K.L.:
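Would you mind keeping the following structure in view while I ask a few things?
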Amino acid sequence: MAQKRRFPAGVQDFERIRTEGFVYVDKTGYIYDLANNYGDAIFLSRPRRFGKSLLCSTLKYYFLGRKDLFEGLAMERLETEWTQYPVLHFDMSRCKNDDPTYVEISLSSVLSDFEKEYGVSNKGLSFGGRLEKLIVMAHQRTGQRVVLIFDEYDSPVLNVIDDNEKMDVVRSVFNSFYGPVKSMAEHLRFVFITGVTKFSQMSIFSTINNLTNISMQKRWEALCGITTEELKETFKMDIEVMALENGTNAQEMLQQLRDRYDGYHFGQRMVDVYNPYSIVNAFSASELRDYWFTSGTPAALIKILDMYNFKLSDIENTQLFERSFDQPFDNMESAIPILYQSGYLTIKDYNTEENVYTLGIPNKEVHAGLYSTLMPRYLNKNDIQNNSLILAVKRAMIADDINAALKAVQSYLSALPYDLSNKTERDFETLLRVLFDCIGIETDTEVKSSRGRCDVVIKNRNTIYLLELKISTTATVDEALAQINERDYLISYWNDSRHKVKVGVTVNPDLRTIEQWRVED
């Protein structure tokens with residue numbers, strides 16, 4: 001068996017990756033083009049843990065003239081001068097805290113590191129004044145214009161996004177800090193800014209007139225993340241090793257990686273991009289797990305969904321114009337833009353004639369994680385009880401036993417507190433979708449056909465289940481089944497080789513649970 005290589009799980013420093021023998025996907029061709037041929041001030045939005053920090057680090061060492069670190073990479077044949085510039089690289093995630101006072105202390109500390117390096121006094125200066133003085137002094141001391149890099153510029157603001165008072169204070173701090181950049185053009189060689197979203201009310205966007213947003217430009221779709229070609233080329237050996245360790249072959253292993261971590265698209269060309277954080281962690285551990293999703297903070301996601309009264313029906317196959325989801329956080333009227341920018345949704349299709357994008361969940365990792373996070377909103381706050389239900393339903397569906405699955409749901413709902421809001425057909429449709437999606441079974445609600453809409457369609461490995469729900473006080477399970485037959489909901493699935501099963505279900509709004517059901521094969 002081939003020896004396992006070192007993967008940079010959690011390592012974001014380009015120098016360390018190159019000097020300590022970690023695997024590196026060569027993005028330096030993009031970086032040369034970005035730094036020399038595209039503009040003087042660039043903004044890039046990508047989800048968290050998607051390679052933005054490594055990109056910033058690589059840019060830093062390139063502008064520092066560290067030719068030794070680029071040996072054997074595309075940059076080595078592209079760059080001939082290797083000019084050394086002064087680089088002010090700010091990792092703003094260091095300033096993330098719930099306490100605005102601590103945010104100011106952290107920002108001051110970040111500035112102090114550079115002030116010591118260039119011998120700058122900060123006495124009596126604002127944050128913006130300190131940055132302005134640093135830029136001027138660095139230019140004067142070195143004779144070269146300054147490179148400014150702001151990584152995760154929005155991290156401190158996003159951290160207090162659910163508290164308007166704190167957010168206003170933090171935003172004010174950084175407005176002061178970023179403010180001078182506009183007037184410093186004569187001292188600046190290059191400005192690069194990364195973040196998850198764009199805050200139009202932040203001075204970094206309102207004052208830099210020449211700032212170019214490349215987040216959805218075709219040219220840069222693969223700037224962060226790992227493309228299919230890069231995965232096959234750079235990780236060919238590692239896919240084979242992982243396949244052996246997991247008792248499968250390389251082709252099947254590649255398919256499993258694709259299903260779990262691929263599916264991100266950041267522009268009209270629809271270049272397939274894998275989540276780099278999950279990929280390197282999967283190879284490092286030789287296990288397929290939900291690395292990216294579990295590394296985040298689901299509580300923050302829930303806060304955002306609550307802020308915008310998010311509906312589950314908004315998640316899949318939402319069709320929008322670009323301006324509706326690639327927009328500043330300040331202008332958002334729904335949770336869709338932040339879900340896209342944060343990586344929970346991605347572009348699934350682009351219609352060139354209509355200039356319309358279709359958004360959806362990228363892959364199995366995000367799908368399972370997102371629905372498990374949403375479960376407490378529709379079921380119970382008790383994780384132990386929720387896990388018990390999930391396990392019971394999963395076992396039933398592995399056995400292809402819809403009766404056992406619905407029995408588990410019925411028993412579970414009957415034991416829930418009386419004050420839960422589940423009482424309409426739509427409530428139960430949503431509940432069933434969350435539950436089955438959470439265990440990894442593709443489930444759709446309100447599925448349209450030429451003659452009507454089927455309430456719930458569950459696509460198990462060998463069987464497709466079509467469920468029609470009725471309120472028990474107004475209809476029977478026989479009437480529910482009759483509707484499936486009369487409106488011929490099955491016709492949409494005739495070309496699917498899987499077995500088809502119709503299920504009529506009645507729900508009791510007073511007891512807030514499933515009352516009866518009947519299966520028709």
Side-chain angles (χ1 to χ4, degrees), residues 8 10-44 51-95 107 109-120 130-153 177-178 180-181 184-195 208 212 214 220 223-224:
V11 180
Q12 300 172 341
D13 181 68
F14 180 69
E15 180 182 39
R16 185 181 169 199
I17 287 174
R18 296 294 290 164
T19 58
E20 296 185 20
F22 288 101
V23 177
Y24 175 69
V25 177
D26 188 0
K27 298 286 186 178
T28 60
Y30 287 106
I31 291 170
Y32 178 85
D33 193 19
L34 184 69
N36 294 281
N37 303 321
Y38 203 68
D40 297 327
I42 306 293
F43 171 69
L44 174 70
K52 299 189 300 295
S53 294
L54 177 56
L55 173 61
C56 288
S57 177
T58 310
L59 274 166
K60 179 182 78 171
Y61 287 109
Y62 165 64
F63 279 114
L64 287 174
R66 289 291 305 275
K67 181 179 180 181
D68 58 303
L69 298 179
F70 294 86
E71 184 179 347
L73 301 178
M75 184 70 78
E76 186 180 35
R77 67 175 183 273
L78 293 169
E79 182 56 72
T80 58
E81 297 182 6
W82 291 101
T83 302
Q84 183 176 349
Y85 296 91
V87 178
L88 302 180
H89 177 196
F90 296 93
D91 177 5
M92 307 319 295
S93 66
R94 290 177 55 186
C95 305
L107 180 56
S109 174
V110 170
L111 282 164
S112 293
D113 293 340
F114 289 111
E115 287 166 339
K116 291 175 183 176
E117 180 179 349
Y118 290 101
V120 177
R130 292 171 67 178
L131 178 60
E132 183 175 355
K133 193 171 182 180
L134 258 175
I135 293 171
V136 172
M137 186 62 72
H139 188 185
Q140 291 176 350
R141 289 282 181 90
T142 64
Q144 295 290 347
R145 290 183 297 158
V146 176
V147 173
L148 268 183
I149 299 174
F150 297 111
D151 187 19
E152 304 286 2
Y153 92 98
F177 175 60
Y178 295 129
V181 177
M184 307 298 292
E186 64 181 293
H187 300 286
L188 296 174
R189 160 66 175 83
F190 187 73
V191 179
F192 188 67
I193 306 160
T194 77
I208 304 180
T212 302
I214 66 170
W220 311 108
L223 180 59
C224 290

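Every value quoted in this text rests on a predicted model; they were computed, and no experiment measured them. Computed from heavy atoms alone, side chains included, the values below leave out hydrogens, waters and symmetry copies.
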K.L.:
Is the side chain of E76 donor-acceptor paired with the backbone N or O of G72 at a distance under 3.5 Å, no angle test?
P.N.:
yes
K.L.:
So, the side chain of E79 versus the backbone of E81: is there a donor-acceptor pair under 3.5 Å, distance only?
P.N.:
yes
K.L.:
Would you call the rings of F14 and F70 parallel, tilted or perpendicular, taking 30° and 60° as the class edges?
P.N.:
tilted
K.L.:
Could you give me the CA-CA distance, side-chain angles and deciding distance for V136 and M184, then say whether side-chain contact (heavy atoms from CB on, under 4.5 Å) is met?
P.N.:
CA-CA 8 Å; V136 172; M184 307 298 292; 3.5 Å; yes
K.L.:
Does any part of the side chain of F90, heavy atoms only, come nearer than 4.5 Å to the side chain of L148, both counted from C-beta?
P.N.:
yes
K.L.:
Can you confirm if the aromatic rings of Y85 and F190 lie within a centre distance of less than 6.0 Å?
P.N.:
no
K.L.:
For T194 and D151, which heavy atoms make the closest approach, and how far apart are they?
P.N.:
OG1-OD1, 2.7 Å
K.L.:
Is a donor on one side and an acceptor on the other found under 3.5 Å between the side chain of R18 and the backbone of L69?
P.N.:
yes
K.L.:
Is any side-chain heavy atom of N36 closer than 4.5 Å to one of L78?
P.N.:
no
K.L.:
Would you compute the distance between atom CG of L64 and atom CD of E15 and round it to the nearest 0.5 angstrom?
P.N.:
9.5 Å
K.L.:
Could you pull out the closest heavy-atom pair between V120 and L134, with the gap in Å?
P.N.:
CG2-CD2, 4.2 Å
K.L.:
Specify the closest pair of heavy atoms between A74 and G29, including all atoms of both residues, with the distance to one decimal.
P.N.:
CB-N, 3.8 Å
K.L.:
Looking at every non-hydrogen atom in both residues, tell me the closest pair between S112 and R130 and how far apart they are.
P.N.:
OG-NH2, 3.4 Å
K.L.:
Quick one: CZ on R189 to CD on Q144, what's the gap to the nearest 0.5 Å?
P.N.:
9.5 Å
K.L.:
Could you go through the side-chain contact (heavy atoms from CB on, under 4.5 Å) check for T19 and D68 one step at a time?
P.N.:
CA-CA 10 Å; T19 58; D68 58 303; 5.7 Å; no
K.L.:
How long is the gap from CG on L107 to CZ on R94, to the nearest 0.5 Å?
P.N.:
10.0 Å
K.L.:
Dump the intermediate steps for side-chain contact (heavy atoms from CB on, under 4.5 Å) on L59 and V147, then the final yes or no.
P.N.:
CA-CA 9 Å; L59 274 166; V147 173; over 6 Å; no
K.L.:
With the side chain counted from C-beta on, respond yes when L55 and K27 share a heavy-atom pair under 4.5 Å apart, and no when they do not.
P.N.:
no
K.L.:
Side-chain contact, heavy-atom cut-off 4.5 Å: C56 with H89?
P.N.:
yes
K.L.:
Any donor-acceptor pair under 3.5 Å linking the side chain of R141 with the backbone of Y118?
P.N.:
yes
K.L.:
Taking the side chain from T58 and the backbone from L54, do they hold a donor-acceptor pair closer than 3.5 Å?
P.N.:
yes
K.L.:
Give the intermediate values and the outcome of side-chain contact (heavy atoms from CB on, under 4.5 Å) for residues Y178 and I193.
P.N.:
CA-CA 11 Å; Y178 295 129; I193 306 160; over 6 Å; no
K.L.:
For atom NZ of K133, decide whether the heavy atoms of other residues, nucleotides or ligands shown that lie under 6.0 angstrom number more than 12.
P.N.:
yes
K.L.:
Any side-chain heavy-atom pair from L131 and F177 closer than 4.5 angstrom?
P.N.:
yes
K.L.:
Check whether any side-chain heavy atom of Y61 lies under 4.5 Å from a side-chain heavy atom of V87, and answer yes or no.
P.N.:
no
K.L.:
Does a salt bridge link R145 with D40, judged by any charged N lying under 4.0 Å from a carboxylate O?
P.N.:
no
K.L.:
Between F63 and A35, what is the shortest heavy-atom contact and its length?
P.N.:
CZ-CB, 3.6 Å
K.L.:
Nearest 0.5 Å, please: how far is CG in L34 from OH in Y62?
P.N.:
10.5 Å
K.L.:
When rounded to the nearest 0.5 angstrom, what distance separates CG in L44 from OH in Y153?
P.N.:
11.5 Å
K.L.:
OG1/T28 to CZ/R77 distance, rounded to the nearest 0.5 angstrom?
P.N.:
7.5 Å
